[in-house]
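Naming: A, B, ... by sequence-line order, numbering from 1 per chain.
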Amino acid sequence: MKAWFALACCALALSVQAGDPLEAREARLAAHLRCVVCQNQTVAESNAPLAADMRRQIREQLAQGRSDEAVLDFFEQRYGAFVRYDAPLRPTTWLLWSAPFALLAIGLAVLLRLVARRGRAAAPSLTTEQRAQAAAWLREGPP
Amino acid sequence: MRFAIPFALFLALVLMLGLGLQRDPQVLPSALIDQPAPVIDRPLLQAPQEQLRVETLRGRVWLLNVWASWCGPCREELPLLATLAARDGVAIYGLNYKDSEAAAVALLQRHGNPYVASAVDADGSVGMNYGVYGVPETFVIDGQGRVRYRYPGAVTADIWRDRLLPVVRSLQ
């Protein structure tokens with residue numbers, strides 16, 4: 001009896017974990033769409049009524065057998081590219097995507113120039129007299 | 001002279017941030033500009049046997065105003081829209097968005113009805129096809145049935161004069 005109960009619990013736990021595959025896809029898509037009302041939240045996180053409508057729309061479209069990309073396109077056609085939470089790589093977003101790398105390159109260039117300049121500044125070394133003095137100190141200890 | 005480049009960069013940054021501050025991030029450009037106006041085909045408020053059909057309005061420039069009785073700014077907008085539409089001879093159709101019919105009718109009776117007719121979008125799906133993300137929103141639709149302009153937010157006399165009416169006039 002105990003064993004059966006344990007088995008039933010395991011089965012229940014597994015079925016809950018596996019869940020509905022459509023539900024998992026809905027959650028994943030909702031996490032990739034922006035709630036256009038509360039703009040820094042995804043559709044998955046937001047409590048706005050529009051976000052609830054969008055989740056329902058995702059579910060209905062997935063149930064009709066549409067692909068993930070088709071669902072994302074559906075929203076993009078209505079709300080614009082901004083509705084995609086991950087900015088797509090397009091001519092309008094080239095600056096956005098390239099700016100971090102451009103800034104890194106500029107930073108590295110400035111750093112290299114500074115290091116090179118400092119290297120050159122350190123080049124003048126000791127005169128012959130100073131060198132002899134230092135050798136004497138090393139032999140006899142400091143004055 | 002030594003600081004010319006950093007100063008120029010600083011000015012460029014100030015200019016960019018200054019321009020950024022002028023923009024309201026809540027105002028999103030409509031993805032539907034110059035696209036055919038999405039199908040409405042919903043029953044009319046107070047005349048459920050009739051439907052609002054975009055294709056029957058071909059050849060005319062008209063406004064689609066998305067409204068609801070639960071939306072505060074809509075309430076203020078209604079009498080103003082009624083006055084301005086009558087004065088300037090602009091046809092305004094309504095889309096009653098996610099509302100109860102009784103409350104919607106009551107609001108129109110109390111605050112005035114600027115609409116030639118209002119379609120009932122009870123579940124908000126027509127609104128979604130129009131990319132509506134806040135109520136009120138006003139669309140200008142041209143004689144070919146294309147969306148030419150969208151104003152999100154309440155229409156004021158200034159907005160009407162400076163934004164909506166010039167677009168309507170340029171299309172007529």
For B/Leu28 against A/Val36, the heavy-atom pair lying closest together: CD1-CG1, 3.7 Å
Residue pair B/Ala31 / A/Tyr79: nearest heavy atoms and the distance that separates them: CB-C, 3.9 Å
Chain B contact via A/Glu76 - side chain, backbone, both or neither, heavy atoms under 4.5 Å: backbone
Chain B contact via A/Gln77 - which portion, at a heavy-atom distance below 4.5 Å: backbone
Is it the case that atom [atom1] in [X] sees more than 12 heavy atoms from other parts of the structure closer than 6.0 Å?
{"X": "B/Asp24", "atom1": "CG", "result": "yes"}
{"X": "A/Arg113", "atom1": "CZ", "result": "no"}
{"X": "B/Arg60", "atom1": "CZ", "result": "no"}
{"X": "B/Leu13", "atom1": "CG", "result": "yes"}
{"X": "A/Asn47", "atom1": "CG", "result": "no"}

How long is the span from the [atom1] atom in [X] to the [atom2] atom in [Y], to the nearest 0.5 Å?
{"X": "B/Ser125", "Y": "A/Arg56", "atom1": "OG", "atom2": "CZ", "answer": "7.5 Å"}
{"X": "A/Leu50", "Y": "B/Met128", "atom1": "CG", "atom2": "CE", "answer": "5.5 Å"}
{"X": "A/Arg78", "Y": "B/Leu32", "atom1": "CZ", "atom2": "CG", "answer": "8.0 Å"}
{"X": "A/Gln39", "Y": "B/Tyr133", "atom1": "CD", "atom2": "OH", "answer": "7.0 Å"}

Cluster link B/Leu95 to B/Tyr115, ILVMFWY, side chain under 4.5 Å: no
